[in-house]
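Order of the sequence lines fixes the chain letters, A, B, ..., with proteins taken first and strands second; residue numbering starts at 1 for each chain. Hydrogens, waters and symmetry mates are skipped; everything else that's a heavy atom, side chains included, is used. None of these values were measured; they are calculated from a predicted model.
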There are 2 protein chains.
Amino acid sequence: MMVSSKGRYALQVMMDIAKNEGDGYVSVADISERQHLPLKYLEVIVGILNKGGMLSSLRGKNGGYRLNKAPDEYSISEILNLTEGSLAPVECVKGHTAGCENAATCMTLPLWIGLDRVIEDYLSNISLQDVVDGNIKDF
Amino acid sequence: MMVSSKGRYALQVMMDIAKNEGDGYVSVADISERQHLPLKYLEVIVGILNKGGMLSSLRGKNGGYRLNKAPDEYSISEILNLTEGSLAPVECVKGHTAGCENAATCMTLPLWIGLDRVIEDYLSNISLQDVVDGNIKDF
DNA sequence: ATAATATCCTACAGAAAGGATAGGAATTAA
DNA sequence: TTAATTCCTATCCTTTCTGTAGGATATTAT
């Protein structure tokens, strides 16, 4: 029941780019250095974010990555769902197909659907900008 | 970000005992058969529930397990926390110590604390009885 | 052109966690 | 005494996690 380092690093990457992209691109080497995260692993993770349409890239000198939209347009949910594959707490609530062959009689399914929903609700209402700004209410 | 089979099976075990304990004890063999779950694995899981104080046991013939309190006195949170070890989404919000050495400056910590809380809130407000009764609102 | 700087691609590898199984010791009821 | 049952804990196989490695490809500055 844990968010893996892949997802956590991806979030750090997105935050770092949000903070450091001026008009140019942010390189993975710079992110790696600032965030103290392994370069080669970040290359893999950034590749996922890029292929998933969250970033644009530019190769070569002065190249790197930049956000495709404003930081307040990214929800934490979409970032984590992309990098983690899914945030579903159990297999049977993945991909909104909701259930195995016993779904009709499964007494625990509603529980998992409800849990999935509170997680999704929470994370989809927090933006990248919110995290960068330290703007997370309550707690 | 998944609840493991250990936690899911533990929940099934608790539900099965809740349903099937009359005045006597429920054996693991019976649970295994009714729920179609591996006996030897269930023995391990039930051991955790027992040592954690959720069940009482009786050895020998006609032995087995029974609940220590009424089904509506168990929250799903306590069952899953016991068997999973923790439901915290990241290492640094385990055990209410909240944080690593960088906690003071970590921008993502509030996010994880908040996520932990919505999960905990949801699961602590649903009882074993609710699940057995199919009494989970919404969705 | 060329050199330097980046991304991009994908296979591999060690460590940790997940998901059981195995075998028997201890206890209890009939 | 015997059958049934919990109890204990070591082991094992598989999958996932967490990276690493090495190079191919593209871009820009000079």
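Taking only side-chain atoms of Ser4(A), from C-beta outward, the nucleotide of dT27(C), dC17(D), dT7(C) with the closest atom is dC17(D). Closest contact between the side chain of Asn62(B) and the listed nucleotides dT25(D), dA30(C), dG23(C) involves dA30(C). Each of dT20(D), dC8(C), dT28(C) was ranked by its minimum atom distance to the side chain of Glu43(A); first place goes to dC8(C). Nearest to the side chain of Ser57(A), among dC8(C), dT10(C), dG19(C), sits dC8(C). Nearest nucleotide to the Lys61(B) side chain, out of dT28(C), dA20(C), dT18(D): dT28(C). Listed nucleotides: dA29(C), dT6(D), dA21(D). Nearest to the side chain of Lys40(A): dA21(D).
With Asp130(A) contributing its side chain and Ser127(A) its backbone, the two residues share a donor-acceptor pair below 3.5 Å. For the pair Tyr65(A) (side chain) and Met14(A) (backbone), a donor-acceptor distance under 3.5 Å is absent. Here the side chain of Asn50(A) pairs no donor or acceptor atom with the backbone of Val46(A) at under 3.5 angstrom.
For Tyr9(A) and dG19(D), the shortest distance from a side-chain N or O to OP1 or OP2 is below 4.0 Å.
For the pair Ile45(A) CD1 and dC9(C) C1', the interatomic distance rounds to 16 Å; values are reported in whole Å. Summarising the geometry, the separation between CE on Met2(B) and P on dA16(C) is reported as 22 Å, rounded to the nearest angstrom. The nearest whole Å value for the distance from the CZ atom in Arg8(A) to the C1' atom in dC17(D) is 11 Å. For the pair Gln12(A) CD and dT18(D) P, the computed distance is 13 Å after rounding to whole Å. Here dC8(C) presents its P atom at 11 Å from CG of Leu49(A), a figure rounded to the nearest Å. dG19(C) atom C1' lies 12 Å from atom CD of Glu84(B), rounded to whole Å. Rounded to whole Å, the distance from CD on Glu91(A) to C1' on dG18(C) is 14 Å. Residue Ile48(A) contributes atom CD1, which lies 13 Å from atom P of dG19(D) at whole-angstrom precision.
Checking Gly60(A) against Val3(B), the closest nucleotide of DNA chain C that is more toward the 5' end is the one next to Gly60(A). Along DNA chain C, the nucleotide closest to Ser5(B) and the one closest to Lys51(A) are compared, and the more 5′ of them pairs with Lys51(A). In terms of position on DNA chain D, the residue among Ala29(B) and Leu58(A) whose nearest nucleotide sits closer to the 5' end is Ala29(B). Each of Leu39(A) and Gly47(B) lies near DNA chain D, and the nucleotide nearest Gly47(B) is the one positioned closer to the 5' end.
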Going through the checks in order, is the side chain to side chain donor-acceptor pair (under 3.5 Å) test met by Asn102(B) and Thr105(B)?
CA-CA 6 Å; Asn102(B) 307 327; Thr105(B) 57; 5.4 Å; no

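Within the 4.0 angstrom heavy-atom criterion, only backbone atoms of the sugar-phosphate kind lie near Val28(A); the bases stay farther away. Within 4.0 Å (heavy atoms only), Tyr65(A) reaches sugar-phosphate atoms of the nucleic acid but no base atom.
Under the 4.5 Å side-chain contact rule for hydrophobic residues, Ile45(A) and Tyr25(A) do not share a cluster. Residues Val13(B) and Val44(B) fall into different hydrophobic clusters, defined by Ile, Leu, Val, Met, Phe, Trp and Tyr side chains chained together at heavy-atom separations under 4.5 Å.
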